[in-house]
Amino acid sequence: MSQEDFIIGIGGENGQGIATSGNVLARIFARRGLHFVAYNSYQSIIRGGHTFLTLRTSESEVLTHGDRVDALLCLNQDTMDRHLRIMKAGSSVLFDTEKIRPGTPAEGVQLCPIPSKAITPNRLLANTVALGAVLRMLGIEFSFLEEILTVQFRKKGDAVIAENVHAAKGGYDYAGEHFTPWPKPLPKTGRRFGVITGNEALAMGGAAAGVKFYIAYPMSPATGVLVWFAKYARELGIMVRQMEDEISVANMLIGAAHAGCRAMCATSGGGFALMTEAFGAAAMMEIPVVGINVQRAGPATGVPTKTEQGDLWQALGAGQGDYPRAIVSVSSAQDAFDTVPELFNLVEKFHCPGIILSDLLVSEGTASVDPAALKFDQPIERGPIIFPKDAPAMPSAASGSNDRAYLRYKITASGVSPRAVPGTPGHLHVVASDEHDEDGVLISDEFTNPAKRRAMHEKRMRKMDGMLKAITPPQLFGPAHAEATLVGWGSTLGVIREAIAKLEREEGLRVNHLHVKWLVPFHTKEIMEVLSKAKRVIIVENSISGQFARYLRSETGFAAHGHIRKYDGEPFMPHHLVAAVKEQLAGKTTLSVPVHEITV
Amino acid sequence: MSQEDFIIGIGGENGQGIATSGNVLARIFARRGLHFVAYNSYQSIIRGGHTFLTLRTSESEVLTHGDRVDALLCLNQDTMDRHLRIMKAGSSVLFDTEKIRPGTPAEGVQLCPIPSKAITPNRLLANTVALGAVLRMLGIEFSFLEEILTVQFRKKGDAVIAENVHAAKGGYDYAGEHFTPWPKPLPKTGRRFGVITGNEALAMGGAAAGVKFYIAYPMSPATGVLVWFAKYARELGIMVRQMEDEISVANMLIGAAHAGCRAMCATSGGGFALMTEAFGAAAMMEIPVVGINVQRAGPATGVPTKTEQGDLWQALGAGQGDYPRAIVSVSSAQDAFDTVPELFNLVEKFHCPGIILSDLLVSEGTASVDPAALKFDQPIERGPIIFPKDAPAMPSAASGSNDRAYLRYKITASGVSPRAVPGTPGHLHVVASDEHDEDGVLISDEFTNPAKRRAMHEKRMRKMDGMLKAITPPQLFGPAHAEATLVGWGSTLGVIREAIAKLEREEGLRVNHLHVKWLVPFHTKEIMEVLSKAKRVIIVENSISGQFARYLRSETGFAAHGHIRKYDGEPFMPHHLVAAVKEQLAGKTTLSVPVHEITV
Amino acid sequence: MSAAPTPASAPTTTKDFKHRIHPDWCPGCGDFSVLAALQTALGELNLAPHHVAVVSGIGCSSNLPGYINCYGMHTLHGRPLPVSAGLRLANHEVTVIAVGGDGDGYGIGSAHFLHTARRNINLTYIVMDNQIYGLTTGQTSPTSVKGMKTKSTPFGNVESPIMPVPLAIVAGATYVARGYSAKQKHLVSLIKGAIQHKGFALVDVFSPCVTFNKDNTYVWFNKRIKMLEDLGHDPTDFHAAMERGYQWGDEIPIGLFWKRDDLPSLEESEPILAEGGPLAYREVRVPPAKAEAIRKSLL
Amino acid sequence: MSAAPTPASAPTTTKDFKHRIHPDWCPGCGDFSVLAALQTALGELNLAPHHVAVVSGIGCSSNLPGYINCYGMHTLHGRPLPVSAGLRLANHEVTVIAVGGDGDGYGIGSAHFLHTARRNINLTYIVMDNQIYGLTTGQTSPTSVKGMKTKSTPFGNVESPIMPVPLAIVAGATYVARGYSAKQKHLVSLIKGAIQHKGFALVDVFSPCVTFNKDNTYVWFNKRIKMLEDLGHDPTDFHAAMERGYQWGDEIPIGLFWKRDDLPSLEESEPILAEGGPLAYREVRVPPAKAEAIRKSLL
Ligand SMILES: Cc1ncc(C[n+]2csc(CCOP(=O)(O)OP(=O)(O)O)c2C)c(N)n1
Ligand SMILES: Cc1ncc(C[n+]2csc(CCOP(=O)(O)OP(=O)(O)O)c2C)c(N)n1
Ligand code: SF4
Ligand code: SF4
Ligand SMILES: [Mg+2]
Ligand SMILES: [Mg+2]
């Protein structure tokens with residue numbers, strides 16, 4: 001979070017190559033060992049519309065796409081018309097004179113017209129010309145771009161490479177001659193980062209956890225997880241299936257997990273709604289499964305390409321009745337990677353469903369990552385599970401059901417009873433979505449016995465105590481004594497941290513942060529220890545109804561002093577939080593709903 | 001709630017005619033103008049198993065099936081073996097000597113063996129003989145039974161009627177000669193009641209509300225609603241459809257409601273889980289629909305024939321994202337009847353989904369009802385709706401979409417915008433599950449505009465304020481100053497009221513009751529006015545996790561002092577609450593989980 | 001009750017169904033032609049826009065209701081059929097056209113497809129079958145052929161596709177046709193026939209996704225498409241219809257595969273719709289005498 | 001990888017599959033016979049109980065897994081097929097038998113039925129088709145015939161039923177048979193054939209509900225049932241299979257309608273299952289070299 005960051009905005013239509021240009025820049029930054037975060041604001045249409053990619057890079061860690069644009073690259077007139085007015089003094093606006101008429105910039109904004117036609121006759125290379133120009137202005141040696149272009153077009157042959165490199169060099173040189181570069185050229189750190197999206201991290205985390213069965217029905221913004229698994233399926237020996245709907249996804253998960261595979265799926269809110277009945281069934285049958293809900297703006301189809309934290313209560317209320325479950329949120333690609341194996345270890349220990357709440361911001365966001373931090377060798381703990389190889393010599397392979405030699409649902413103090421997978425001799429049993437006895441026999445098959453029903457219900461719910469002990473409580477970040485304590489969950493971690501730094505730096509205000517990663521089970525005690533001492537608690541969330549605020553209150557009784565909410569589809573930016581905290585500290589309001597200026 | 005009540009228990013296998021015997025008794029009570037409540041504890045199997053029907057009747061109002069059994073009618077050995085031990089002094093146990101061996105009764109319990117074979121040679125009439133005996137012991141004139149049997153077997157001809165009447169009379173006379181009748185014969189009040197189940201009341205309430213489209217997929221314990229509608233469909237001109245699953249039910253609801261019909265469906269928790277996505281869509285499209293969830297013991301398939309209040313959080317978290325909705329609970333058949341039209345009026349005024357939470361206890365329970373109280377002429381308020389007949393003369397029937405002459409989603413202070421039904425000239429528009437602008441055009445079709453998104457999201461959610469004002473807040477029942485305030489929702493109303501009377505009568509304890517009927521919107525202010533003054537607040541609910549307690553806290557921050565929970569599938573009985581309140585007032589515990597003795 | 005579409009009082013034309021919003025489909029997308037064909041069919045049938053409702057699910061193709069000037073419902077992914085059925089049965093004076101994609105209709109919505117067909121509900125169902133999931137940017141669909149490489153099957157799809165025509169016939173659809181975006185006039189006539197048909201009518205349309213389906217392109221289809229009329233097909237011959245429906249290779253037939261008029265539609269089988277006009281417009285209150293009878297039944 | 005069922009090491013018999021719990025079906029329910037036939041088939045095939053899993057949905061018929069001594073899953077209403085497919089693909093050494101009712105399989109589960117069939121997943125699917133919803137005490141099912149009076153259609157069902165045999169064939173099932181509870185030996189042979197078949201096998205069984213279906217009773221079926229063998233049926237003849245599958249009236253055929261062995265099952269098409277044994281038993285950790293390659297791909 002240094003002042004040394006640079007922010008590039010690229011705007012145009014879907015299908016105009018914004019993603020490609022962004023990717024080239026990202027790879028260059030990564031190779032130079034620069035941190036970066038990219039956020040793409042786009043529409044749910046395949047071509048056309050308006051897309052705006054923001055790429056922020058810095059020598060120090062960056063957690064958000066920042067608050068401003070230093071260099072605006074306009075790929076169409078629309079971008080010029082919409083965004084020029086938000087450009088501030090010191091910034092530059094690059095555009096192709098062939099198709100774009102500049103507007104009137106504010107004082108101190110540098111207009112950089114690029115005559116692409118004069119540089120290359122191939123209209124398709126206008127983006128490449130512009131990329132070259134951007135590189136030059138960032139003070140990056142041309143060789144980086146040349147290298148990337150060479151890799152990118154390797155398959156298309158030398159002529160194409162040469163043409164692209166020529167165009168890029170043309171833009172590079174033209175910018176050198178005609179435009180004022182940024183005062184501080186982007187450094188090179190000697191490190192080398194990778195480029196990763198949150199969805200890729202979730203998928204890789206799954207692979208690291210030992211997922212052998214990935215099941216999907218495509219749904220934005222979760223589809224990236226499927227795409228990764230599909231690509232690596234054969235190499236890693238992972239069964240990847242695309243099903244007819246999300247109901248079959250969740251139920252297939254149960255079959256695969258019962259067989260003994262670590263099985264996972266990812267969807268968004270609408271697909272999750274269709275899976276809720278199955279999650280309850282998994283809990284009743286005591287089969288560990290993991291489902292990811294990458295939240296997008298709802299309700300219903302909502303805004304498929306926009307972010308929101310609107311599915312917390314859906315996860316809390318998923319399916320009929322009470323059952324043990326774990327719900328955990330992720331806040332970044334690295335966190336996503338680490339969370340998947342942790343959650344698998346937890347649910348395989350406690351035999352219940354685990355739900356990961358991600359959102360579009362984390363999942364589709366692109367960021368730099370230190371590849372060494374993606375640890376594929378972390379612990380895999382399978383919990384109490386019996387495979388054929390573990391089955392002790394049994395009097396009969398057909399034993400289990402009839403002699404009650406093995407009780408799948410044995411009542412234990414922890415609520416957990418060892419599970420045997422089909423194929424294991426001597427452990428025959430039935431797992432049922434109906435209430436059942438210790439041996440799996442439906443209680444309605446003998447007699448609907450209230451005492452047995454109660455005992456089994458309590459057995460299952462007891463797992464919540466064990467799970468709570470097994471997970472890490474949230475910790476206060478920042479100064480112990482502060483004017484305000486910001487509380488958030490999931491994807492707001494980054495923006496809250498940056499806002500806190502900004503508040504301290506620019507306003508001299510001490511603000512700290514409690515990030516709640518684990519939503520179920522909930523660390524009521526630890527959280528109240530922090531909040532009861534806080535001077536002013538402000539909850540930050542992407543939800544119109546304050547889903548987290550209400551949930552926090554349901555678990556603690558604690559009513560926050562203030563709320564900062566955003567539900568227009570775009571994520572918080574640090575300055576939104578800074579302004580909101582200031583107005584709340586000034587006593588002007590207890591509910592701030594920042595206005596999103598950048599993409600309107 | 002008088003001491004004058006009589007409680008009859010009938011036990012046997014499914015398919016042994018318990019329901020028929022119970023129905024005959026119920027009709028006799030109703031004809032004598034006696035109040036009654038019947039509760040059937042049964043298993044999810046078609047024949048066999050163990051079923052126990054409890055029928056309580058009294059001259060004064062009864063709200064539950066009570067606390068004891070005065071007369072036990074054993075239709076099989078199992079009933080004798082299970083239930084004899086709970087019979088107390090003063091009670092009688094009737095059984096057929098042909099197939100049942102009596103056990104050893106407690107002091108003062110009268111064993112009443114009936115030699116049915118000696119009375120009638122037809123083995124199938126053993127139940128009828130027993131019924132006659134019961135009637136005699138209740139001191140009811142035989143003519144009542146004769147009348148009912150005559151009606152019941154009308155279609156089967158005079159011979160069958162005669163045979164049945166003969167058998168019944170035999171039992172009646174035998175009891176008169178051999179057994180001691182109850183000291184107080186059951187009175188006759190001069191009034192005449194009807195017999196109704198909660199599901200019938202929900203269906204009739206629907207008819208009274210003007211439901212013209214009822215859609216179902218069978219699911220216990222909600223199927224009774226379908227059965228009623230199917231029976232009356234042709235007579236009342238109601239479209240009744242059974243669909244392929246609950247997803248199609250909820251979506252068909254949307255189509256029918258958009259066309260302008262009041263459309264309703266009922267299901268249980270598992271079916272409801274499959275409907276949640278559609279409820280969100282109805283809210284997004286601003287189409288009023290009503291869905292009933294008759295809760296049963298969960299999670300998953302759970303215990304299909306047992307009761308629970310386990311779907312509150314499912315309803316609260318139904319579907320992705322935030323959207324306006326109404327959630328209301330019902331506490332009795334009469335309440336069920338009255339609630340349906342009220343909810344339709346509300347959701348048609350505010351164009352959003354309405355959810356009724358019933359449960360097995362209310363829905364499958366049978367009770368006496370005063371037919372005059374089933375008002376089919378209550379107000380029907382259709383809210384802002386435009387039918388062809390209302391359409392003002394328009395320049396063109398094809399107007400609406402293109403000239404924006406009609407804005408379906410016009411932003412208003414109330415959040416409500418008049419809806420026009422298809423077929424109406426001059427009001428063409430699209431309703432969409434995607435976020436849209438005032439004219440229904442998808443915001444992603446022009447540009448994903450955060451300002452528009454926010455405005456539409458706020459427009460919809462504003463309806464919650466209007467709805468809150470339109471519904472009645474809960475009121476404290478019982479003495480203003482009390483040792484304890486019991487708080488409940490839904491089906492616990494009756495048992496709490498009876499327990500309060502019992503506490504007062506038997507223990508001299510003053511306890512009052514806050515019944516929360518409307519769950520969303522929530523009367524935070526009014527509820528806190530009551531609770532903040534209460535000495536000790538105890539929440540009573542059929543949920544292992546305290547779903548209501550947690551929800552109350554999420555909306556108020558208020559943590560109750562104590563909890564009485566039951567989640568073994570059987571409903572609370574008054575003595576459970578009496579004992580629990582006493583132990584909590586004595587400071588012994590803050591969580592009471594009564595043990596269910598009767599049917600174990 | 002008449003199952004025939006309500007004609008407009010004043011003559012309408014294709015133009016009346018044009019919408020001010022320009023479709024955001026990719027240039028060249030087959031769906032443009034389907035939209036135009038539908039607008040033409042409605043105009044040629046002289047229907048009034050306010051008596052027509054177009055109901056879709058979610059997908060590129062499902063954006064269609066936003067581009068046509070009549071009543072529209074843009075429902076959930078996979079759910080246009082139950083919504084359409086509810087709308088139609090509640091108001092059988094409105095011509096209801098369900099539209100959507102192959103994923104929407106034959107994937108997540110396939111149970112509704114089967115059961116709406118067997119109930120013979122009086123709807124026209126147009127599936128823009130591009131053999132791919134377009135809106136989610138290119139995954140395998142239930143009609144993707146074996147071997148096809150997509151984002152979800154980078155090594156080639158290993159599943160056999162659903163065959164919409166035989167499936168619809170066996171499910172019980174009483175009008176089963178297939179069109180092709182590049183044969184717009186032919187498509188217009190298929191859609192007109194479907195709307196005029198009293199029962200459940202499927203029009204499966206090869207509507208190429210130019211962005212994500214690089215296999216089943218216009219060029220690919222142009223070489224293979226044959227008109228059933230030219231093949232001497234008899235749409236009342238069940239076995240021929242099945243044979244033709246399965247054909248996939250050098251010759252792929254389009255046209256009307258199957259039609260039967262001997263089965264009543266659901267609305268014709270429902271006595272309550274026999275008279276009294278659309279349910280939606282009827283008096284909602286239970287008449288006092290009937291209310292009294294209901295109350296009496298409880299005694 | 002072999003798609004053939006794993007035989008038991010020690011010989012097993014029908015008795016090994018008997019369960020101590022007595023079924024709670026109504027006396028005379030057709031499902032007793034299906035249970036017995038399945039137990040006999042498994043015994044005769046000499047399978048080991050621990051290598052067999054029976055997976056059901058919800059319904060009277062779906063209580064079956066509780067009455068047979070092997071692995072069992074009693075899943076949600078309508079969902080036995082996706083659960084079975086997950087189980088089978090995760091452990092293809094286990095013989096997976098999906099069982100359930102007509103409502104479960106052809107109603108709420110019909111999308112799964114279609115798609116599991118077209119994927120040709122190596123499962124045996126036994127549907128106890130009593131043309132009624134038994135467990136919910138007697139409502140119309142997707143196979144209830146027109147005119148049938150049930151609790152949900154007291155004036156008679158107005159919808160045409162689904163025809164399971166033609167539907168399964170068109171969906172892509174590669175073994176399609178129908179049995180009858182009162183012909184238990186015949187049923188045993190159909191089930192054995194289904195288990196031995198490498199692909200998706202449907203055995204639809206007329207299994208009368210003696211309590212709620214008063215139309216399609218044993219007496220009713222006994223008069224009508226004809227063996228396909230006796231009718232000279234050739235199960236490789238598509239059109240004959242369709243014709244026979246549609247037959248409903250004085251003559252209702254049972255037996256093997258359709259069988260094809262030329263399509264690979266899904267597990268045979270999935271290279272990852274070619275060797276290494278069941279997925280469920282394999283090493284879960286990504287080898288260090290592969291992990292390194294994945295990390296590198298990000299640079
Ligand atoms: C319940 C649910 N699951 C998944 C999605 C995501 N989704 C949107 S469109 C679509 C499929 C699009 O394919 P198709 O129906 O063939 O339409 P096309 O875009 O090809 O026209 C999917 C899976 C969704 N919106 N809702
Ligand atoms: C989601 C869901 N919807 C509805 C039900 C209720 N239900 C239980 S069994 C059943 C149908 C039973 O019919 P069928 O599948 O034919 O089995 P049968 O009892 O006739 O053997 C239904 C609708 C349920 N358990 N879950
Ligand atoms: S992605 Fe394909 S289906 Fe979607 S609009 Fe583009 S061409 Fe059409
Ligand atoms: S109700 Fe019917 S299907 Fe169910 S057990 Fe009884 S006879 Fe069998
Ligand atoms: Mg498609
Ligand atoms: Mg059935």
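Residue numbers begin at 1 in each chain, while the letters A, B, ... track the order of the sequences. All values below were derived from every heavy atom in this structure, side-chain atoms included, with hydrogens, water molecules and symmetry-related copies excluded.
Rounded to the nearest 0.5 Å, atoms CG (C:Leu42) and OG1 (C:Thr13) are 11.0 Å apart. Rounding to the nearest 0.5 angstrom, the gap separating the CG atom in C:Asn122 from the OG atom in C:Ser84 is 11.5 Å. Here the OG atom belonging to C:Ser141 is positioned 3.5 Å from the CG atom belonging to C:Asp102, to the nearest 0.5 angstrom.
Looking at B:Val369, the atoms closer than 4.5 Å to chain C (heavy atoms on both sides) all sit in the side chain, from C-beta outward. Contact of B:Met285 with chain C is made through the side chain alone, with heavy-atom distances under 4.5 Å. Residue contact with chain B, scored on non-hydrogen atoms closer than 4.5 Å, is absent for C:Ser56. If you measure heavy-atom distances from C:Ile58 to chain B, the contacts under 4.5 Å come from the side chain alone. For chain C, the nearby part of B:Ala233 is the backbone; its heavy atoms alone come within less than 4.5 Å. Only the backbone of B:Ile238 comes within less than 4.5 Å of a heavy atom in chain C; its side chain stays farther off. For B:Met284, no part lies near chain C; criterion is any non-hydrogen pair under 4.5 Å. Proximity to chain B (any heavy atom under 4.5 Å) is shown, for C:Glu292, by neither the backbone nor the side chain. With a threshold of 4.5 angstrom between heavy atoms, C:Lys296 does not approach chain B through any atom at all. Contact of C:Leu114 with chain B is not made at all, since no heavy-atom distance falls under 4.5 Å. Proximity to chain C is limited to the backbone of B:Phe193, based on heavy atoms less than 4.5 angstrom apart. In this structure, the portions of C:Leu298 lying under 4.5 Å from any heavy atom of chain B include both its backbone and its side chain. For B:Arg382, the part lying near chain C is the side chain, with the backbone staying farther off; criterion is any non-hydrogen pair under 4.5 Å.
Heavy-atom pairs under 4.5 Å with chain B were tallied for C:Ser297, C:Pro23, C:Cys70; the largest tally goes to C:Cys70. With chain C as the partner, the residue from B:Arg27, B:His436, B:Arg192 showing the most heavy-atom pairs under 4.5 Å is B:Arg27. When B:Arg262, B:Arg241, B:Met243, B:Arg404 are compared by the number of non-hydrogen pairs under 4.5 Å with chain C, B:Arg241 comes out ahead. The most heavy-atom pairs under 4.5 Å with chain B, out of C:Leu266, C:Val52, C:Leu81, C:Val55, come from C:Leu266. Interface check for chain C: of the options B:Leu236, B:Ile254, B:Ile380, B:Ile196, the most heavy-atom pairs under 4.5 Å are formed by B:Ile380. Taking chain C as the reference chain and counting heavy-atom pairs below 4.5 Å, the highest number among B:Gly260, B:Pro371, B:Ala432, B:Pro422 is found for B:Pro422. Counting heavy-atom pairs closer than 4.5 Å to chain C, the top-ranked of the candidates B:Ala259, B:Gly194, B:Ala398, B:Gly423 is B:Gly423. No other option in B:Arg234, B:Glu277, B:His258, B:Glu244 has as many heavy-atom pairs under 4.5 Å with chain C as B:Glu244. Between chain B and the residues C:Arg79, C:Arg285, C:Lys290, the most heavy-atom pairs under 4.5 angstrom are made by C:Arg285.
Judged purely by distance below 3.5 Å, without hydrogens or angles, the side chains of C:Asp24 and C:Tyr67 pair a donor atom with an acceptor atom. The closest side-chain donor-acceptor pair between C:Asn91 and C:Tyr281 falls under 3.5 angstrom. For the residue pair B:Asn251 and B:Ser248, no side-chain donor N or O sits within less than 3.5 Å of a side-chain acceptor on the partner. Side-chain atoms of C:Asn69 and C:His19 include no donor-acceptor pair closer than 3.5 Å.
Aromatic pair B:Phe213/B:Phe229: centroids not less than 6.0 angstrom apart.
Checking side-chain atoms of C:Ser207 against main-chain N and O of C:Asp31 turns up a donor-acceptor pair under 3.5 Å.
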